[in-house]
Amino acid sequence: MKKVKIKRTILFIISAILLFLISDFIFPFQPNIRYATQITDSKGNVIHAFLSRDDKWRLYSEVSEITPLLRKTLIYKEDQYFYYHPGVNPLAIIRAAGWNIFTGRRTSGASTITMQVVRLLEPRPRTYFNKLLEMYRALQLELHYSKGEILQMYLNLVPYGGNIEGIKAASILYFNKPPQLLSLAEITALTIVPNRPSSLRPGTRNEALITARNEWLKRFEAEKLFSASTIRDALDEPLQVNRLQVPRQAPHLALRLSQEFKDQPVIHTSLKIQTQIQIEEQVKNYVNRLKSTDIHNAAVLVVDNETMQVEAYIGSADFNNPFDGGQVDGIRAVRSPGSTLKPLLYAAAFDKGIITPRTILNDVPVNFAGYEPENFDRHFNGPVTTEFALANSLNIPAVKILKEVGTSALVEKLRKAGFKTIDKQAKDLGLSMILGGCGVTLEEMTRLFAAFSGEGKFRNLQFLSGNSESAKGEAIVSGESTFLVTNILTQITRPDLPTNFDNTYHLPKIAWKTGTSYGKRDAWSIGYNRRYTIGVWVGNFSGTGVPGLSGANTATPLLFSIFNALDYNSPKGWFKTPANVSLRKVCAASGDIPSEFCEHQILDHYIVGVSAYKKCQHLRWVFTDPAGKISYCTYCIPENGFEKRTYPNLAPELIAYNEIQKIPYRKIPPHNPACERVFHEGAPLIVSPNDGSEYYIRKEEPQQIQLACQAANDVQEVFWYVNDKLSKRSAPHEAVFVSPSLGRVKISCSDDKGRNSDIWITVKRM
Ligand SMILES: [Zn+2]
Ligand SMILES: [Zn+2]
């Protein structure tokens with residue numbers, strides 16, 4: 001008899017459990033809690049938050065934020081047998097049921113923490129049926145979640161008045177601290193609130209809250225939950241509580257990441273909040289000073305070079321200023337880079353072996369198939385060193401180098417470096433891209449310069465803490481060429497130091513490059529040392545140009561002051577010379593390996609095995625008569641009575657420049673008139689009109705077309721032919737004019753050695 005009873009009982013329990021498991025499978029309970037989004041700094045402190053989709057400040061607390069003190073107090077107060085019951089507490093139910101029958105009232109005393117979680121997840125009217133449903137759900141929760149997880153859910157959902165839910169939101173918005181720093185007095189006060197969230201709402205009736213808090217503290221003391229002295233301290237603690245505002249720091253990055261990581265309750269950024277606040281303040285003050293000059297915005301990005309972590313992200317001068325587009329994220333806005341891409345081009349050219357820092361480049365007017373760049377100051381400097389050209393951001397040398405390196409090669413490097421807009425524009429980009437004829441963002445530029453600080457290797461920016469980019473990265477340019485570029489960008493004798501630059505002001509040891517876009521719309525200054533790369537953009541989001549705006553005067557002072565604030569006397573030292581960078585003697589007139597006539601020799605860095613080994617040809621040997629009036633070639637040189645002299649070996653464009661600027665130079669005497677040799681190399685270069693161009697002329701007053709060429713140093717006279725008919729003869733640098741006929745027109749230029757060039761143009765009637 002007894003055995004049968006036991007058997008039946010076992011059978012009953014097993015089938016009950018089975019039934020429960022099957023029903024759990026059919027009616028699963030999958031809580032889907034929609035949290036508000038928290039943005040934290042690198043230390044995990046909340047610096048920004050966004051309401052949940054149902055407009056609650058329901059901030060997720062991690063297990064580490066739930067302290068033993070909090071757990072102990074809460075469990076004692078709400079559900080002492082929490083760790084021992086399976087979601088429902090049968091004894092409590094019986095007790096409560098008896099109490100209900102006895103008093104005729106309903107109390108919630110039987111509710112376990114698990115059942116409370118069920119009610120918070122699925123609020124239902126209080127009926128006996130719903131109470132049973134809640135118990136069933138509580139069993140389900142216990143089946144699928146640990147006690148720790150259930151307690152965490154409770155602490156994340158419990159209401160604390162208004163739209164504040166969860167212990168984290170309550171501790172931040174009432175006590176301005178993370179939950180793990182709450183005192184016993186604060187915890188006790190908070191645990192009372194959910195019982196009467198509206199009448200005991202902290203900050204409204206603090207006296208009532210203190211009274212209730214102290215009652216509970218005394219009960220804790222009576223139950224010996226805490227030592228008497230702990231209770232005494234808690235009782236003496238004043239209740240300082242006010243409803244605070246949700247933190248709203250680093251708004252641009254917060255918004256960006258909340259959109260990128262939708263529905264992620266906590267986004268841990270890499271921001272150093274002190275740095276962020278300090279630079280935000282600097283940017284705001286700086287732009288306030290510029291407002292009188294009609295400049296209204298700035299953006300700054302600070303990157304740690306070692307980890308690539310973003311430590312400060314200032315998207316505009318003031319997020320809350322709607323008049324100047326404060327919500328626009330200047331770090332991601334596509335703008336013209338001005339000259340800021342030049343360092344990458346020079347590095348690419350160093351890697352190709354085309355130039356070294358002391359290579360001489362001609363900063364003189366050049367026509368690149370119709371494109372005639374000018375310098376920022378509209379002056380030309382004649383022959384200059386490569387390092388001077390980069391440090392002074394000269395345009396013509398840069399365009400010449402780009403022509404040699406190739407636009408597509410530079411675009412490929414930019415593509416590797418993650419330049420999105422340039423990638424899209426690739427097909428339309430020409431030589432003008434190096435002067436700013438393309439679109440970039442401050443983020444892309446800063447990341448590129450961070451690669452210069454990291455031996456030319458591209459690495460992604462890290463916006464999240466813990467994600468340090470230790471990977472080696474893909475090389476965009478070599479460590480050797482970036483070293484050469486860094487050396488040049490560190491020089492301080494250059495025009496893009498801010499004018500009025502005060503000598504007493506601390507000049508940070510950094511490499512930096514400025515840029516000013518066409519129409520003076522964007523001022524850039526991007527700099528780096530071993531530790532940080534900082535990108536600064538200043539301008540107007542509206543795109544309005546400002547006459548006084550320049551990279552040197554508008555952006556660089558802000559860059560310097562941020563470096564000084566962040567890394568004054570950087571302890572990290574400076575970049576070391578790579579093993580493959582060495583010094584060699586070069587001719588000062590060309591930057592090439594000295595020939596026997598190169599007297600002025602200087603030292604120059606070069607990349608071993610890469611930089612070209614080219615003998616200097618800054619002079620050339622010419623055979624002349626003893627008086628130096630006639631020159632000979634090897635064909636017509638007389639058997640005796642000649643002399644061997646050196647003459648400058650100038651590029652035609654430099655000769656043209658010298659002629660126009662009336663700069664004296666030694667000319668090679670005219671070639672022996674009796675010579676019958678036909679020359680092939682060095683034909684005049686027709687620079688006007690452009691080959692293949694179209695001209696429109698009016699019938700009534702046909703305009704004339706200007707003819708111009710650049711001829712070799714030994715040319716005395718050139719002959720212009722229109723459709724093979726001699727039209728004009730002139731000195732090589734004299735401009736002449738012709739009135740061509742309609743249709744396809746052939747224009748030829750021959751020099752006095754018989755060397756000839758042809759071009760074709762089309763002339764149409766207007
Ligand atoms: Zn030389
Ligand atoms: Zn000859």
Side-chain angles (χ1 to χ4, degrees), residues 337-407 409-410 413 429-438 477 481-482 484-489 491 493-496 511 513-516 518 551-552 586-592 602 604-607 611-612 614 616-618 649-658 660-661 663 685 687 710:
S339 293
T340 46
L341 289 175
K342 282 176 185 166
L344 177 67
L345 171 67
Y346 280 75
F350 287 142
D351 279 336
K352 268 195 122 184
I354 304 170
I355 50 170
T356 54
R358 294 288 173 89
T359 302
I360 296 296
L361 303 166
N362 290 327
D363 181 37
V364 298
V366 185
N367 184 319
F368 298 94
Y371 176 52
E372 289 182 70
E374 279 188 326
N375 284 324
F376 189 65
D377 59 3
R378 308 233 159 108
H379 284 97
F380 298 98
N381 295 275
V384 295
T385 62
T386 294
E387 58 188 3
F388 182 90
L390 176 56
N392 290 267
S393 203
L394 302 181
N395 285 343
I396 292 152
V399 174
K400 273 187 192 165
I401 292 171
L402 178 57
K403 199 165 176 242
E404 249 183 281
V405 168
T407 312
L410 185 66
K413 290 194 182 299
L429 293 177
L431 294 175
S432 70
M433 71 176 289
I434 200 59
L435 309 184
C438 54
V477 283
S481 67
T482 49
L484 297 180
V485 164
T486 301
N487 249 357
I488 297 171
L489 296 183
Q491 296 176 4
T493 49
R494 54 197 248 189
D496 57 352
K513 181 77 190 80
T514 59
T516 311
Y518 182 76
V586 296
C587 168
S590 66
D592 293 331
I602 52 173
D604 186 15
H605 278 114
Y606 76 111
I607 307 175
S611 301
K614 202 168 95 192
C616 178
Q617 298 185 339
H618 90 271
N649 195 12
L650 304 178
E653 73 223 24
L654 190 57
I655 295 171
Y657 175 74
N658 288 344
I660 292 161
Q661 298 289 317
I663 298 168
L685 175 71
V687 294
Q710 292 175 346

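Scanning all heavy atoms of the two residues, the minimum distance from C438 to L341 falls at SG-CD1, 3.8 Å. Residue L654 comes nearest to L650 through the heavy atom pair CD2-CD2, 3.9 Å, listed as atom of the first residue, atom of the second, then distance. Between A389 and L361, the closest heavy-atom pair is CB-CD1, 4.2 Å. Nearest heavy-atom pair, A349 versus I401, reported as atom, atom and distance to 0.1 Å: CB-CG2, 3.5 Å. Minimum interatomic distance between V405 and A348 (heavy atoms only, all atoms of both residues): CG1-CB, 4.3 Å. I488 approaches P357 most closely through the heavy-atom pair CD1-CB, 4.4 Å.
In this structure, CD in Q710 is found 13.0 Å from OH in Y657, a value given to the nearest 0.5 Å. Atoms CD1 and CZ, on I607 and F350 in that order, are 7.5 Å from each other to the nearest 0.5 Å. Taken from CG in N487 to CG in L390, the straight-line distance is 11.0 Å, to the nearest 0.5 Å. Atoms CD1 and CG, from I655 and N649 in turn, are 8.5 Å apart once rounded to the nearest 0.5 Å. Distance check, rounded to the nearest 0.5 Å: OG1 of T386 to CG of L484 gives 10.5 Å. Taking OG1 of T340 as the reference point, atom CD1 of I434 lies at 8.5 Å (rounded to 0.5 Å).
The side-chain contact (heavy atoms from CB on, under 4.5 Å) search around N375 returns D363, D377, F380, N381, L394, N395, not counting sequence neighbours. Among residues two or more places apart in sequence or in another chain, the side-chain contact (heavy atoms from CB on, under 4.5 Å) test is passed with S590 by C587, D592, C616, H618. E374 is linked by a salt bridge (Lys or Arg N to Asp or Glu O under 4.0 Å) to R378, counting only residues two or more places apart in sequence or in another chain. Applying the side-chain contact (heavy atoms from CB on, under 4.5 Å) criterion to A347, with sequence neighbours excluded, gives V477, S481, V485. Here T356 pairs with T359, D604 under the side-chain hydrogen bond (donor to acceptor under 3.5 Å, both in side chains) rule; sequence neighbours left out. Qualifying side-chain contact (heavy atoms from CB on, under 4.5 Å) partners for L431, counting only residues two or more places apart in sequence or in other chains: F368, Y371, V399, L402, K403, T407. Among residues two or more places apart in sequence or in another chain, the side-chain hydrogen bond (donor to acceptor under 3.5 Å, both in side chains) test is passed with S339 by K342, S393. K400 meets the salt bridge (Lys or Arg N to Asp or Glu O under 4.0 Å) test with E653; sequence neighbours excluded.
Within the 4.5 Å cutoff, the side chain of L344 has heavy atoms near those of the L410 side chain. At least one side-chain heavy atom of P343 sits under 4.5 Å from a side-chain heavy atom of L489. With a 4.5 Å cut-off on side-chain heavy atoms, S432 and P373 do not count as touching.
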* List the steps and the verdict of side chain to side chain contact (heavy atoms under 4.5 Å, CB included) for I360 and T385. => CA-CA 4 Å; I360 296 296; T385 62; 3.9 Å; yes
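Identified under the salt bridge (charged side-chain N to carboxylate O under 4.0 Å, His left out) test for residues 386-398, with sequence neighbours left out: R358-E387. Under the salt bridge (charged side-chain N to carboxylate O under 4.0 Å, His left out) criterion, no residue pair touches residues 347-356, with sequence neighbours excluded.
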